[in-house]
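Excluded from the calculations below are hydrogen atoms, water molecules and symmetry mates; all remaining heavy atoms, backbone and side chain alike, are included. Note that the structure is predicted; figures quoted are calculated from it, not measured.
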Amino acid sequence: MSTIPIGDAVAGLMRDGLPVRFEAYDGSTAGPADASVTLRLRNRRGLAYLMTAPGDLGLARAYVAGDLELEGAHPGDPYDAMTLILNHTKFRRPSAKEIVELVRGLGLSNLKPPPPPPQEHLPRWRRVMEGMRHSVARDADAIAHHYDVSNAFYEMVLGSSMTYTCAVYPELDATLEQAQAEKYDLVCRKLGLEPGMRLLDVGCGWGGMVRHAARHYGVKALGVTLSREQAHWAKEAIDREGLGDLAEVRHSDYRDVLEGDFDAVSSIGLTEHIGVRQYPAYFSFLRDRLRPGGRLLNHCITRPHNRPEETGAFIDRYVFPDGELTGSGTIVGAMQDVGLEVAHEENLRHHYAMTLRDWCGNLVEHWDEAVAEVGLGTARVWGLYMASSRIAFERNEIQLHQVLGVRTTDDGVDGLPLRPTW
């Protein structure tokens with residue numbers, strides 16, 4: 001049993017007090033009684049999660065397992081609560097003596113880590129057993145962890161577009177579906193697609209880009225994805241929409257594509273999974289798939305700087321195992337170093353914040369169905385992840401860049417207009 005009330009221990013670590021109400025299973029409390037948000041620690045397992053993995057991982061474990069409850073915000077969109085906590089909660093670093101007293105007071109038995117929730121992926125050191133980082137086998141496992149949740153669940157969250165990448169909002173009041181269609185059309189315009197051209201879309205998801213390009217631009221489009229569930233859904237959509245003569249989606253690693261001389265290559269939301277050390281091989285491979293004069297559009301989440309930075313434990317264990325982000329400058333440099341002329345780039349981070357807002361809105365609307373489909377723990381992971389990502393984009397902690405490159409001809413012809421027309 002603890003000798004220090006848990007609420008007192010929490011309050012003692014706050015420099016300026018708590019903006020939310022905290023209630024613990026031992027009857028102790030902290031924070032204002034009339035706060036709009038309440039955090040409720042339900043049991044000793046939750047305390048053990050917090051003590052054995054301080055920071056976002058411990059909080060995530062306790063929340064996903066149901067040991068830490070959030071009252072005053074919908075679990076499908078805890079954005080307002082998270083914003084309040086982030087804006088007004090400042091931890092102070094306890095002294096070594098205080099740490100010893102806290103551990104003794106809260107109980108040494110709580111230093112034994114409980115088993116993590118089933119939604120949590122293996123830590124990186126354990127994933128070595130699954131193969132080298134970014135090997136074909138290990139990449140396939142990481143993709144399956146994130147994308148093979150349930151097609152029905154993704155339909156609830158993503159909406160009719162079934163597009164799990166940043167949308168482009170032509171107007172502030174545009175719908176999610178309008179914004180996703182605009183995103184695909186923007187990519188098509190940047191790639192200069194015309195009827196009869198051939199497009200390769202790597203990491204094609206549920207085939208949205210492939211189907212848009214085939215339907216609206218008359219190109220012959222091939223998409224590849226490591227997710228079996230995505231490929232199955234995409235093939236059915238292609239048949240349903242009568243695009244089988246133009247569009248194809250394969251369950252395959254992009255590295256297994258043997259065809260070449262494509263007029264255009266699109267990579268929308270794949271680079272995050274590649275790994276920075278693999279950029280030279282990745283962009284070289286895509287360049288070699290292009291004909292001279294062909295264009296590559298790379299669309300991915302980036303950091304606002306180019307310094308190495310590890311992904312947070314919550315994202316790595318629960319959302320994107322083995323994911324890596326870097327700055328747009330690194331991506332531009334990697335594309336240039338393999339012989340691509342970088343012709344245009346832009347940052348769409350505000351659009352991704354709006355996209356995440358709308359995905360959270362969909363999850364709230366379909367909450368009961370989503371929980372029935374994937375379970376409460378997984379649904380909580382997605383609400384937490386999407387709301388926290390929205391905040392990160394709004395605060396410029398992460399960005400979304402599109403970079404357009406061209407494989408020029410030997411005499412330097414790139415086929416681009418004098419000024420961008422998109």
Side-chain angles (χ1 to χ4, degrees), residues 134 139 165-166 168 183-194 197-204 209-210 213 217 219-224 252-306 324-349 399-422:
H134 299 300
D139 279 355
T165 46
C166 175
V168 175
K183 185 267 300 296
Y184 285 134
D185 210 70
L186 176 63
V187 174
C188 290
R189 298 195 302 269
K190 287 182 176 180
L191 290 174
L193 297 184
E194 296 178 358
M197 285 185 169
R198 296 172 62 240
L199 167 71
L200 171 64
D201 184 40
V202 293
C204 68
M209 177 64 190
V210 166
Y217 286 83
V219 304
K220 191 170 181 61
L222 168 64
V224 293
S252 168
D253 191 283
Y254 74 91
R255 289 164 282 199
D256 294 331
V257 175
L258 301 179
E259 296 95 328
D261 287 327
F262 286 96
D263 298 283
V265 173
S266 52
S267 174
I268 305 174
L270 178 59
T271 317
E272 299 91 329
H273 301 285
I274 294 300
V276 177
R277 291 184 180 180
Q278 280 65 47
Y279 282 4
Y282 174 65
F283 287 115
S284 180
F285 181 89
L286 297 185
R287 176 194 177 278
D288 290 347
R289 304 278 78 72
L290 287 168
R291 65 164 176 79
R295 302 182 194 178
L296 164 66
L297 190 286
N298 193 80
H299 166 124
C300 73
I301 301 171
T302 63
R303 296 199 184 280
H305 58 77
N306 295 281
E324 289 184 71
L325 301 180
T326 187
S328 57
T330 302
I331 293 168
V332 168
M335 291 174 65
Q336 291 174 327
D337 287 347
V338 301
L340 290 164
E341 178 187 18
V342 173
H344 187 269
E345 85 89 42
E346 64 175 312
N347 181 9
L348 298 169
R349 73 175 175 89
Q399 302 175 346
L400 187 290
H401 282 259
Q402 286 190 350
V403 182
L404 178 66
V406 184
R407 179 179 180 177
T408 60
T409 64
D410 290 341
D411 53 358
V413 175
D414 56 24
L416 290 165
L418 196 58
R419 294 285 298 146
T421 57
W422 45 79

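His305 is linked by a side chain to side chain contact (heavy atoms under 4.5 Å, CB included) to Arg303, Arg307, Glu309, counting only residues two or more places apart in sequence or in another chain.
Leu348 is not listed as a side-chain neighbour of Lys183, based on a closest heavy-atom distance of 4.5 Å or more. In this structure, the side chains of Tyr217 and Asp185 come closer than 4.5 Å at one or more pairs of heavy atoms. Between His401 and Ile331, every side-chain heavy-atom pair lies at or beyond the 4.5 Å cut-off. No side-chain heavy atom of Thr421 sits less than 4.5 Å from a side-chain heavy atom of Arg189. Put simply, the side chain of Gln336 does not reach to within 4.5 Å of the side chain of Phe283, judged on heavy atoms.
No side-chain N or O of His344 forms a donor-acceptor pair with one of Glu346 less than 3.5 Å apart. Side-chain contact annotation: Asn298 with Thr271, donor-acceptor N/O pair under 3.5 Å present. A donor and an acceptor atom, one from each side chain of Tyr279 and Thr326, are nowhere located under 3.5 Å apart.
Although no hydrogens or angles enter the test, the distance criterion places a donor-acceptor pair under 3.5 Å between the side chain of Arg287 and the main chain of Val338.
The minimum heavy-atom distance linking Ser266 with Val187 is given by the pair CB-CG1, 4.2 Å. Taking each heavy atom of Thr409 and Pro292 in turn, the nearest pair found is CG2-CB, 4.0 Å. Here the closest heavy-atom approach between residue Gly192 and residue Arg295 is recorded as N-NH1, 3.5 Å. Between Ala343 and Val406, the shortest heavy-atom distance links the atoms CB-CG2, 4.4 Å. Minimum interatomic distance between Asn306 and Gly329 (heavy atoms only, all atoms of both residues): OD1-N, 3.3 Å. Minimum heavy-atom separation, Leu325 to Ile301: CD2-O, 3.5 Å.
The distance from atom CG of Leu296 to atom CZ of Arg407, rounded to the nearest 0.5 Å, is 12.0 Å. Here the CE atom belonging to Met209 is positioned 11.0 Å from the SG atom belonging to Cys204, to the nearest 0.5 angstrom. Taking CG of Leu340 as the start and CG of Leu404 as the end, the distance is 9.5 Å to the nearest 0.5 Å. Separating the CD1 atom in Ile274 from the OH atom in Tyr254 is a distance of 4.0 Å, to the nearest 0.5 Å. Put simply, CG on Leu222 and CD on Glu259 are 6.0 Å apart, with the number rounded to the nearest 0.5 Å. Here the straight-line distance linking atom OG of Ser328 with atom CE of Met335 works out to 11.5 Å at 0.5 Å rounding.
Residue Asp263 forms a side-chain hydrogen bond (donor to acceptor under 3.5 Å, both in side chains) with just one option from Arg291, Lys220, Arg198, and that option is Arg291.
Environment of CZ in Arg277: sparse, with no more than 12 heavy atoms of neighbouring residues, nucleotides or ligands closer than 6.0 Å. The number of heavy-atom neighbours closer than 6.0 Å to CG of Asp411, taken from other residues, nucleotides and ligands shown, is above 12.
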Verdict with supporting geometry, Val265 and Leu191, side-chain contact (heavy atoms from CB on, under 4.5 Å): CA-CA 8 Å; Val265 173; Leu191 290 174; over 6 Å; no
Checking side-chain contact (heavy atoms from CB on, under 4.5 Å) for the pair Val202/Phe285: CA distance, chi angles, key distance, verdict? CA-CA 11 Å; Val202 293; Phe285 181 89; 5.9 Å; no
